[in-house]
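Notes to accompany the following structure.
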Amino acid sequence: GLIPPGTFIPIAEESRLIVSMGEWIMRDACHQAASWPNPLQIAINLSPVQFRHGDLPGLVHAVLLETGLAPSRLELEITEGVLIDDFSRAVSILRKLKALGVRIAMDDFGTGYSSLSYLQSFPFDKIKIDKTFISNLERNTQSATIIRAVIGLARGLKLPVVAEGVETQEQLAFLAKESCDEVQGFLIGRPLPI
């Protein structure tokens, strides 16, 4: 049956299977994206475990060469957890990835271990507001304040911001009013076969 990511990803990370799974996902996703008639961008989430084990920049470089996917079409999404364990090593890896020409997005911003120093230490290409803030928008005025602050922060840093998990017209209207750059979620488009 279906096993949600919140269940299988922690197990894959704990067993380090996420490293080989991540490699397979990277190869398959880039191969498929390279075959699309329109040069759409593809985003792939990375696990903190992938930063601790193996040669992530080497893998990305090899996959881009193998598949022929233009680096500018690949966006790698990381969470703040990547930067927690070994900040210097993580930033070094991120700089090597960026030097390949891929884009780096800070995913789930505002959850967990948010530190503004991360945004100052590395030139991210995008900030993604976690869906928990969006889903609480109608019930919690603090969520609206946090979303406004993140959008303002991103604007000041000249970074586009994406709101994840947009599911209602009210959420979309709020984000449009706040000049959020991009939205994603079931209201805009559900996952479909390629």
Side-chain angles (χ1 to χ4, degrees), residues 5 9 12-13 16-109 115 117-131 150-151 153-164 180-185 188-189 191-194:
I9 289 177
E13 287 179 329
R16 292 192 191 165
L17 281 173
I18 197 74
V19 175
S20 56
M21 288 172 62
E23 183 174 337
W24 172 78
I25 290 164
M26 176 98 43
R27 268 200 175 79
D28 194 54
C30 289
H31 178 72
Q32 287 189 38
S35 72
W36 297 340
N38 295 328
L40 301 173
Q41 196 173 60
I42 187 160
I44 299 173
N45 293 81
L46 296 177
S47 163
V49 177
Q50 290 172 277
F51 278 74
R52 290 192 298 268
H53 303 284
D55 177 14
L56 190 56
L59 170 65
V60 172
H61 186 237
V63 168
L64 291 171
L65 290 174
E66 281 173 33
T67 62
L69 183 71
S72 60
R73 292 182 55 203
L74 177 60
E75 181 173 277
L76 300 173
E77 297 185 3
I78 68 157
T79 61
E80 295 151 312
V82 164
L83 301 165
I84 298 296
D85 295 334
D86 187 344
F87 180 79
S88 298
R89 183 171 192 272
V91 169
S92 173
I93 291 169
L94 287 171
R95 287 197 172 117
K96 289 175 185 172
L97 291 169
K98 190 116 164 114
L100 295 173
V102 301
R103 299 171 51 83
I104 309 290
M106 172 65 80
D107 196 15
D108 301 338
F109 186 75
S115 173
S117 66
Y118 297 153
L119 298 179
Q120 192 172 29
S121 300
F122 181 78
F124 288 96
D125 295 296
K126 186 183 288 183
I127 296 174
K128 299 183 80 175
I129 301 173
D130 189 69
K131 64 183 176 185
V150 172
I151 291 171
L153 175 67
R155 192 173 297 123
L157 295 171
K158 296 178 178 41
L159 290 173
V161 64
V162 180
E164 298 179 304
C180 185
D181 297 297
E182 297 176 32
V183 297
Q184 67 183 58
I188 304 302
L192 297 170
I194 291 170

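What you are looking at is a predicted structure, and each value in this text was computed from that prediction instead of being measured.
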Can you tell me how far CG of L74 sits from CG of L100, rounded to the nearest 0.5 angstrom? 9.5 Å
Applying ring-ring contact (aromatic ring centres under 6.0 Å, His included), which residue pairs with at least one partner in residues 62-102 are found, sequence neighbours left out? F87-Y118
Between D125 and K98, is there a salt bridge with N-O shorter than 4.0 Å? yes
Is the side chain of R73 donor-acceptor paired with the backbone N or O of A33 at a distance under 3.5 Å, no angle test? yes
Donor-acceptor pair, side chain of Q50 and main chain of S47, under 3.5 angstrom: yes
Across all chains, not counting sequence neighbours, the side chain to side chain donor-acceptor pair (under 3.5 Å) partners of E77 are N45, K128
Using the side chain to side chain contact (heavy atoms under 4.5 Å, CB included) rule, take F51 and L94 through it: C-alpha gap first, then chi angles, then the decisive distance, then the call. CA-CA 9 Å; F51 278 74; L94 287 171; 3.8 Å; yes
Determine, stepwise, if the pair I127 / V162 fulfils side chain to side chain contact (heavy atoms under 4.5 Å, CB included). CA-CA 6 Å; I127 296 174; V162 180; over 6 Å; no
Heavy-atom pair with the smallest gap, counting every atom of P48 and E13: CD-OE2, 3.8 Å
Would you say the side chain of K126 lies within less than 4.5 Å of the side chain of M106, judging by non-hydrogen atoms? no
Is K131 salt-bridged to E164, cutoff N-O under 4.0 Å? no
Spacing of CZ belonging to F124 relative to CD1 belonging to I78, to within rounding of 0.5 Å: 4.0 Å
Here the pair of heavy atoms bringing I44 nearest to A29 is CD1-CB, 3.9 Å
Test item: W36 side-chain N/O and Q32 main-chain N/O as donor-acceptor pair under 3.5 Å: yes
Supply the atom-to-atom distance S35 OG to L69 CG, rounded to the nearest 0.5 angstrom. 10.0 Å
Once rounded to the nearest 0.5 Å, what's the spacing between atom CD1 of I42 and atom NE2 of H31? 11.5 Å
Which atoms form the tightest heavy-atom contact between A154 and V161, and what is the distance? CB-CB, 3.9 Å
Could you list the donor-acceptor pairs under 3.5 angstrom formed by side chains in residues 53-65, with sequence neighbours left out?
from, atom 1, to, atom 2, distance (Å)
H53, NE2, R16, NE, 3.3
D55, OD1, G58, N, 3.0

Could you give the distance from CD1 (I93) to CG (L46), rounded to the nearest 0.5 Å? 10.0 Å
Would you sort out whether I129 and F109 count as a side chain to side chain contact (heavy atoms under 4.5 Å, CB included), showing the intermediate values? CA-CA 5 Å; I129 301 173; F109 186 75; 5.9 Å; no
Please round to the nearest 0.5 Å and tell me the distance separating atom CG of D107 and atom CG of L76. 11.5 Å
